[in-house]
Amino acid sequence: MNSSHSSAASRSPHTFRTVFPVLALCWLAVFFDGMDVNIYGAVMPHMLDDSGLGLTPATAGTIGSWTTFGMLLGALTAGNLTDWLGRRLMLVTSVTLFSLGSAICAVAPGVGLFGAGRFVAGLGLGGLMPLCLAMVMEFAPPRRAALTTGLLMTSYHFGGMAATGLGLTLAPAAGWRWVFWAGVLPALVAVPLLLKLLPESPGVLLAHGERAKADAVADRYGLPRPTEVAAPAAGAAGRLAAIRALFRPESRWATPLLWLASFSGLLLVYGVSTWLPQMMRASGYGLNSSISFLMVINAGGIVGLLIAGRAADRFGAVRVSAIWFVLTAAGALLLKSQLPLGVTYAVVAVTGVFLFSAQVMVYAATNTVYRDSERAAGLGWVTGIGRTGAVVGPWLIGVLATNGNQSWGFTTFALAGLVGAVAIALVPLARRIGRSDAPAAPAPVAATVGLS
């Protein structure tokens with residue numbers, strides 16, 4: 001009894017202040033993620049002008065898809081590696097990988113090695129996002145998961161703006177290769193901080209059999225102490241069980257809808273991040289203006305995430321995501337028109353408000369579909385399957401660009417927005433159908449355990 005009272009007395013309150021170190025460190029990691037993803041689009045016009053490299057619109061789209069194919073593999077394998085390394089060391093591995101990939105790109109003499117570098121970077125980028133999202137959701141204060149997720153994802157767009165700034169300043173002055181050398185900074189800055197300051201997930205510690213450490217981390221950050229139900233099962237059998245749990249009756253119809261919404265959202269995110277400057281340049285805008293559009297759309301993304309996070313906490317992530325997807329489709333269609341430069345900047349900014357946060361709210365919606373023990377696997381598969389959209393987006397726009405049909409890229413983005421809206425809007429209906437199919441709990445005791 002006394003030890004129970006002392007542990008309760010030493011437990012920190014569960015507020016933004018107590019979990020700020022986790023949010024800040026994951027924010028830094030995702031900042032570098034956003035910078036690395038957007039670097040390619042920010043310097044692509046300069047690379048296409050570099051005759052020595054041999055990059056063409058077709059190969060540019062293919063390389064963009066190789067990057068996102070690496071992300072797909074990274075996202076789908078990160079969960080298994082987390083079983084062995086833990087989330088903290090897996091985050092460090094992810095940051096190191098995409099920094100290494102950037103270094104390979106900086107020294108690549110031709111498109112072959114450059115593409116290999118982007119693939120290596122993609123492996124690290126793919127694993128990092130679901131891990132950071134799972135960490136932040138686990139540590140987030142009650143009823144603030146959507147807002148905390150939105151705050152985390154602002155870092156992606158600050159990173160995108162940093163990449164655009166490098167594309168506007170460093171690339172013309174020193175060459176595009178120096179922009180990729182800047183992509184090595186994460187290994188020098190983020191890795192030491194993550195190793196020293198980021199705590200391990202209490203759920204993962206418990207799954208590794210480290211009960212005392214799990215309780216200590218939970219008490220320090222004001223979290224409920226993890227239970228066996230909340231802890232992810234370790235090993236290959238545990239991973240298979242986690243995947244099967246995504247298709248239990250209550251979520252088996254919602255899971256493919258989340259995957260389709262994520263596919264559409266990531267097709268938009270990576271298609272725009274890779275091709276927007278070149279698409280705008282082909283539409284008749286100047287080189288600097290075309291690259292600046294990438295900064296403007298990321299600035300809009302930051303504003304959108306702050307709005308979407310608060311709106312989702314009040315109205316629900318599913319509803320906000322569906323509306324945001326529709327507004328993204330409208331913005332993409334407007335960009336297909338030839339508008340005055342000032343109006344175009346405004347449309348790009350407003351489209352950015354909705355485009356990126358529509359996808360982030362898909363991630364937040366997983367919190368309403370999956371139980372604690374399924375959250376990491378659910379997020380991993382939503383992001384992993386969604387990466388197929390990230391593969392298709394850059395490749396498809398590259399094909400259109402090769403055939404001189406870049407304006408059709410905006411129509412493609414609009415269609416993706418509408419598909420995403422329909423898919424995420426159907427999730428509540430799918431959950432209701434799933435609950436009606438689920439067998440009744442055999443006893444009150446089992447129901448109590450399931451809710452813990």
Side-chain angles (χ1 to χ4, degrees), residues 12 16-39 70-71 74-75 77-103 120-140 148-160 162-163 181-208 210 213-214 216-223 226 232 234 363 375-376 379-380 383:
S12 299
F16 271 117
R17 179 174 295 181
T18 57
V19 302
F20 178 77
V22 175
L23 177 60
L25 289 166
C26 289
W27 194 98
L28 179 65
V30 176
F31 170 87
F32 285 122
D33 180 307
M35 189 176 84
D36 194 283
V37 168
N38 285 273
I39 275 178
M71 291 180 181
T77 58
N80 289 318
L81 293 175
T82 301
D83 288 341
W84 305 327
L85 300 176
R87 286 182 185 164
R88 182 176 65 175
L89 285 180
M90 193 60 220
L91 278 174
V92 169
T93 302
S94 297
V95 172
T96 302
L97 271 175
F98 69 72
S99 295
L100 174 63
S102 193
V120 171
L123 291 174
L125 294 167
L128 184 141
M129 187 67 75
L131 287 167
C132 283
L133 285 165
M135 285 286 286
V136 165
M137 284 188 177
E138 181 178 7
F139 281 79
T148 307
T149 302
L151 289 173
L152 171 69
M153 293 305 296
T154 61
S155 60
Y156 176 92
H157 301 291
F158 278 112
W181 279 121
V184 181
L185 285 174
L188 304 177
V189 176
V191 166
L193 292 174
L194 291 170
L195 285 172
K196 184 176 181 179
L197 300 175
L198 186 69
E200 184 54 90
S201 156
V204 170
L205 288 171
L206 181 60
H208 289 177
E210 300 181 83
K213 289 184 178 179
V217 172
D219 291 347
R220 180 180 177 186
Y221 292 92
L223 308 178
Y363 298 148
R375 184 180 295 131
L379 272 172
T383 56

Point to revise | Worked check of side chain to side chain contact (heavy atoms under 4.5 Å, CB included) between Glu138 and Val22 | key: CA-CA 10 Å; Glu138 181 178 7; Val22 175; over 6 Å; no

Practice item. Name all residues meeting the side-chain contact (heavy atoms from CB on, under 4.5 Å) criterion together with Ala103; count only those two or more places apart in sequence or in a different chain, and write none if there are none. Key: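 Result, side-chain contact (heavy atoms from CB on, under 4.5 Å) vs Ala103: Trp181, Val184.
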
Review point. Any sub-3.5 Å donor-acceptor pair from Glu200's side-chain atoms to Arg87's backbone N or O?
Key: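 Present.
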
Practice item. Would you mind reporting whether Pro21 and Leu197 have side-chain heavy atoms less than 4.5 Å apart? Key: no

Measure the [atom1]-[atom2] distance between [X] and [Y] for me, rounded to the nearest 0.5 Å.
X: Leu185; Y: Ser99; atom1: CG; atom2: OG; answer: 8.0 Å
X: Asn38; Y: Phe158; atom1: CG; atom2: CZ; answer: 13.5 Å
X: Phe20; Y: Leu25; atom1: CZ; atom2: CG; answer: 9.0 Å
X: Met129; Y: Tyr363; atom1: CE; atom2: OH; answer: 6.0 Å
X: Ile39; Y: Ser102; atom1: CD1; atom2: OG; answer: 5.0 Å
X: Leu23; Y: Leu152; atom1: CG; atom2: CG; answer: 6.5 Å

Practice item. Would you sort out whether Asp33 and Tyr156 count as a side chain to side chain contact (heavy atoms under 4.5 Å, CB included), showing the intermediate values? Key: CA-CA 6 Å; Asp33 180 307; Tyr156 176 92; 3.7 Å; yes

Using distance only, find each side-chain donor-acceptor pair of residues 187-195 under 3.5 Å and give its atom names and separation, not counting sequence neighbours.
none

Heavy atoms only: give me the nearest [X]-[Y] pair and the separation to one decimal.
X: Phe98; Y: Ala29; answer: CZ-O, 4.4 Å
X: Arg88; Y: Leu198; answer: CD-O, 2.9 Å
X: Val136; Y: Cys26; answer: CG2-CB, 3.9 Å

Exercise for review: Decide yes or no on side chain to side chain contact (heavy atoms under 4.5 Å, CB included) for Ser201 and Leu205, but give the supporting numbers first.
Suggested key: CA-CA 6 Å; Ser201 156; Leu205 288 171; over 6 Å; no

Point to revise | Listed once per pair and sorted, the side-chain hydrogen bond (donor to acceptor under 3.5 Å, both in side chains) pairs that draw on residues 21-32, sequence neighbours left out | key: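 As it turns out, the side-chain hydrogen bond (donor to acceptor under 3.5 Å, both in side chains) pairs with a partner in residues 21-32, which skip direct neighbours, are Trp27-Thr154.
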
